[in-house]
Amino acid sequence: MAGEKPSVELCKGVNGLDKVVLRDARGSSAEVYLFGGHVTSWRTDHREELLFVSNKAIFKPPKAIRGGIPICFPQFSSHGNLEQHGFARNKFWSIDTDPPPFPSDSSSKTFVDLILKPTDDDFKIWPHSYEFRLRVALGLGGDLMLTSRIRNTNADGKPFSFTFAYHTYFSVSDISELRVEGLETLDYLDNLKERERFTEQGDAITFESGVDKIYLSTPTKIAIIDHEKKRTFVLRKDGLPDAVVWNPWDRKAKAMPDFGDDEYKHMLCVEAAAIEKPITLKPGEEWKGRLELSAVPSSYCSGQLDPQKVLQG
Ligand code: BG6
């Protein structure tokens with residue numbers, strides 16, 4: 001574990017699919033499948049898995065992998081010609097050997113750069129030319145950092161618009177033991193009620209039934225507090241104003257062929273996203289959306305978790 005050499009290795013994953021394994025010097029790791037540009041694993045230096053992937057996940061293109069961090073682009077949850085969550089999670093990405101320089105904040109040396117560009121066939125479903133660059137990096141202390149850079153490369157002078165989400169599935173001890181902090185009092189669109197708009201009441205979000213909400217104009221930090229594990233996930237995001245919170249609960253879980261009947265108890269999706277106001281890019285313009293995840297031990301204060309401690313700093 002500690003004292004290992006950081007490494008970035010291309011190898012074979014489930015069903016012979018290519019994956020890149022990142023390992024830092026302290027033993028934290030992450031795995032990214034080229035299929036989907038899809039992160040399927042993020043482990044602590046004690047090899048504890050932090051992301052949920054269903055035991056019934058089908059690693060068979062073009063079906064997206066159930067769990068981890070699917071990338072939703074160029075749309076999040078809408079209908080029409082495209083898959084409900086877009087096509088980026090169903091495509092084979094390539095390793096980007098010569099990405100344009102990143103700003104100086106990318107101090108990590110343990111990372112991989114992927115790229116997705118449209119094929120001629122893709123134009124039939126979304127008639128735009130783009131370059132989507134994704135960097136997946138392990139930061140200090142085993143943080144997982146994803147940076148997406150999407151550029152409009154249309155030669156016909158046309159702008160395009162898109163919505164986006166990092167559809168992150170967190171692994172949790174028990175959904176009924178969780179609190180999400182940072183979204184209280186915010187407005188949300190309820191996907192279970194035809195996207196009607198409501199305002200969240202109460203001090204924190206807890207779970208007693210299925211939830212599928214798009215919180216709007218959210219803060220840059222959100223915390224998922226897992227009482228039983230005494231662990232808090234902290235999401236920090238940039239360029240991604242919205243946040244989706246999703247758990248299918250029992251009835252929907254049973255209807256999903258690639259998801260176990262009881263697995264809803266051990267996962268929660270909190271998805272950094274740009275949905276309410278689609279991003280529009282003119283040719284030559286680039287958008288950037290960044291997500292940073294950390295897992296920290298929860299702190300207790302008179303028997304209560306203190307969300308302020310988590311959200312400060
Ligand atoms: C969530 C959506 O993000 O993803 C839900 O809000 C959707 O409405 C869920 O059911 C799963 O989608 P999919 O396409 O991965 O089965």
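We count ligands from 1, going down the list as the structure has it; atoms in each ligand are counted the same way.
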Option nearest atom 5 (C) of ligand 1 (shortest heavy-atom distance, choices Leu189, Val245, Asp212, Thr168):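 Looking at heavy atoms only, Asp212 sits closest to atom 5 (C) of ligand 1.
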Does one side chain, of [X] or [Y], offer a donor that lies under 3.5 Å from an acceptor on the other?
| X | Y | result |
| --- | --- | --- |
| Arg290 | Thr147 | yes |
| Ser173 | Asp226 | yes |
| Thr199 | Asp187 | yes |

Relative to ligand 1, is [X] under 4.0 angstrom through side chain, backbone, both or neither, heavy atoms considered?
| X | value |
| --- | --- |
| Lys213 | neither |
| Gln84 | side chain |
| Lys252 | neither |
| His167 | side chain |

Under a 4.0 angstrom heavy-atom cut-off, which atoms of ligand 1 come close to [X]?
| X | result |
| --- | --- |
| Arg89 | 13 (P), 14 (O), 15 (O) |
| Glu271 | 1 (C), 3 (O) |
| Asn191 | 6 (O) |

Just to verify, which of Trp126, Phe87, Trp93 counts as forming a ring pair (Phe, Tyr, Trp, His ring centres under 6.0 Å) with Phe132?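 It is Trp93, the one option of Trp126, Phe87, Trp93 that forms the ring pair (Phe, Tyr, Trp, His ring centres under 6.0 Å) with Phe132.
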Using the rule ring pair (Phe, Tyr, Trp, His ring centres under 6.0 Å), only one of Phe170, Tyr169, Phe164 pairs with His167; which is it?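 Exactly one option meets the ring pair (Phe, Tyr, Trp, His ring centres under 6.0 Å) with His167, and it is Tyr169.
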Return yes when Met256 approaches ligand 1 closer than 4.0 angstrom through a heavy atom, no otherwise.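 Flag not set, Met256 not near ligand 1.
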Measuring from the heavy atoms of Lys63, does anything fall under 4.0 Å of ligand 1?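 Checking ligand 1 against Lys63, which is what was asked, there is no heavy-atom contact under 4.0 Å.
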Between ligand 1 and His85, is the shortest N or O to N or O distance under 3.5 Å?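 N/O-N/O distance under 3.5 Å: yes.
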Minimum-distance protein heavy atom relative to atom 16 (O) of ligand 1: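 I find the closest protein heavy atom is Arg66 NH2, 3.0 Å.
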Does any N or O in the side chain of Arg149 come within less than 3.5 Å of the main-chain N or O of Pro100, such that one atom is a donor and the other an acceptor?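 Yes, the answer is positive, given that a donor and an acceptor are paired below the 3.5 Å cut-off.
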Does the ring centre of Phe52 sit less than 6.0 Å away from the ring centre of Phe259?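 Between Phe259 and Phe52, the centre distance is under 6.0 Å.
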Over all atoms of both residues, closest heavy-atom pair of Thr153 and Tyr130: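 Heavy atoms of Thr153 and Tyr130 come nearest at OG1-N, 3.1 Å.
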